[in-house]
Protein chains: 2
Amino acid sequence: MGTTGRRPGAYVCGIDAAMDLIGGKWKVLILWALHERPCRFGELRRELPGVTEKVLASHLREMEADGLVHREAYDEVPPRVEYSLTARGVSLNEALEPLGAWGRANVPGMSPAPGQMREDDDVPLVTGAA
Amino acid sequence: MGTTGRRPGAYVCGIDAAMDLIGGKWKVLILWALHERPCRFGELRRELPGVTEKVLASHLREMEADGLVHREAYDEVPPRVEYSLTARGVSLNEALEPLGAWGRANVPGMSPAPGQMREDDDVPLVTGAA
DNA sequence: CGGTATCCTGGATGATACTG
DNA sequence: CAGTATCATCCAGGATACCG
């Protein structure tokens with residue numbers, strides 16, 4: 001699933017183990033969107049400009065299998081499904097924090113034109129949770 | 001270069017910006033190895049079981065271009081080249097710390113058989129650099 | 001030793017169409 | 001709305017061979 005293709009328990013260090021869970025092209029963005037608020041499938045799709053249903057669904061299923069995302073299906077008509085982060089997902093997101101900060105500080109092309117940016121770029125910076 | 005293919009400055013958040021720099025299959029491992037000590041090309045190759053020269057060279061060139069790795073070529077016979085981390089590389093490595101800790105704690109298949117593991121799994125945890 | 005030059009492949013990603 | 005099914009594509013990564 002990940003980027004490394006090193007899945008079968010042959011990880012060299014914790015980082016590439018974690019990387020395998022977020023290696024998908026949209027996974028950190030999903031984590032990101034979901035950490036804001038639970039989202040329905042369609043909402044999520046709108047949050048991630050350019051993702052296709054197939055890929056989104058597939059990523060979501062993988063992340064669910066990895067225990068990062070919780071899927072709640074309501075048996076209604078029309079159907080409604082809500083995705084949210086599990087505690088594990090939240091903690092992963094927090095572990096990703098410093099990397100995000102580093103990227104914001106060190107990667108050019110991050111400074112977005114005002115009105116063009118996602119304001120939610122300032123994150124909680126929690127340290128107490130899992 | 002990265003995993004996202006979102007390079008041209010169209011990053012959604014700092015995390016995927018950073019991810020783009022470490023998305024290569026061996027990049028975090030290179031960062032990892034180099035944070036231990038500067039390495040020659042051949043050493044590096046031995047550190048990363050399974051990497052090919054082409055890919056290693058290519059990753060190294062990208063990381064050099066990204067300002068993460070410094071390449072020092074000594075004009076000797078036989079040729080000698082030493083790779084080391086730049087301050088930027090060191091700081092990225094540090095930003096990766098929490099993710100590594102998360103992976104070690106949360107991903108099964110990480111608990112290595114004694115003697116099979118890399119003991120260098122405990123890292124400096126420096127906070128003052130870069 | 002420290003690479004570069006080619007060719008090739010798998011699998012992740014994308015496009016499109018269809019369904020309960 | 002929330003997906004699944006199929007087919008097409010792209011390219012990072014790998015294999016191999018050769019060079020200064």
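Throughout, a chain's letter reflects where its sequence line sits, starting with A, and its residues are numbered from 1.
Counting only heavy atoms from C-beta on, V81(B) has its side chain closest to dG3(C) among dG3(C), dA2(D), dC1(C). In this structure, of dT13(C), dG20(C), dT16(C), it is dT16(C) that holds the atom nearest to the side chain of E53(A). Of all nucleotides listed (dG14(C), dA15(D), dG3(C)), dG3(C) comes nearest to the side chain of R71(B).
Between R46(B) and T52(A), the residue anchored nearer the 5' end of DNA chain C, judged by the nucleotide with its closest heavy atom, is R46(B).
For H35(B) (side chain) and W32(B) (main-chain N/O), a donor-acceptor pair under 3.5 Å exists by modelled atom type. Using modelled atom types, no side-chain atom of R71(B) and backbone atom of L60(B) make a donor-acceptor pair closer than 3.5 Å. Counting only distance, with no hydrogens or angles, the side chain of D16(B) and the backbone of C13(B) share a donor-acceptor pair below 3.5 Å.
A sub-4.0 Å separation between OP1 or OP2 of dG3(C) and a side-chain N or O of R80(B) is absent. Between H59(A) and dA12(C) there is no side-chain N or O to OP1 or OP2 distance below 4.0 Å. In terms of phosphate contacts, R61(A) brings no side-chain nitrogen or oxygen within less than 4.0 Å of OP1 or OP2 of dG3(D). OP1 or OP2 of dA2(D) lies within a sub-4.0 Å distance of a side-chain N or O belonging to R40(A). Phosphate contact (OP1/OP2 of dG3(C), side-chain N/O of Y83(B), threshold under 4.0 Å): present.
Counting atom types as modelled, K25(B) pairs no side-chain N or O with a base atom of dG13(D) as donor and acceptor under 3.5 Å. For K54(B) against dT4(C), a side-chain-to-base donor-acceptor contact under 3.5 Å is absent.
Across L31(A), I30(A), L68(A), a single residue satisfies side chain to side chain contact (heavy atoms under 4.5 Å, CB included) together with L85(A), and that is L31(A).
Here the C1' atom of nucleotide dT13(C) and the NZ atom of K27(A) are 13 Å apart, to the nearest Å. In this structure, L29(A) places its CG atom 12 Å from P of dT13(C), rounding to the nearest Å.
Note on Y74(A): nothing from the nucleic acid sits closer than 4.0 angstrom, heavy atoms only.
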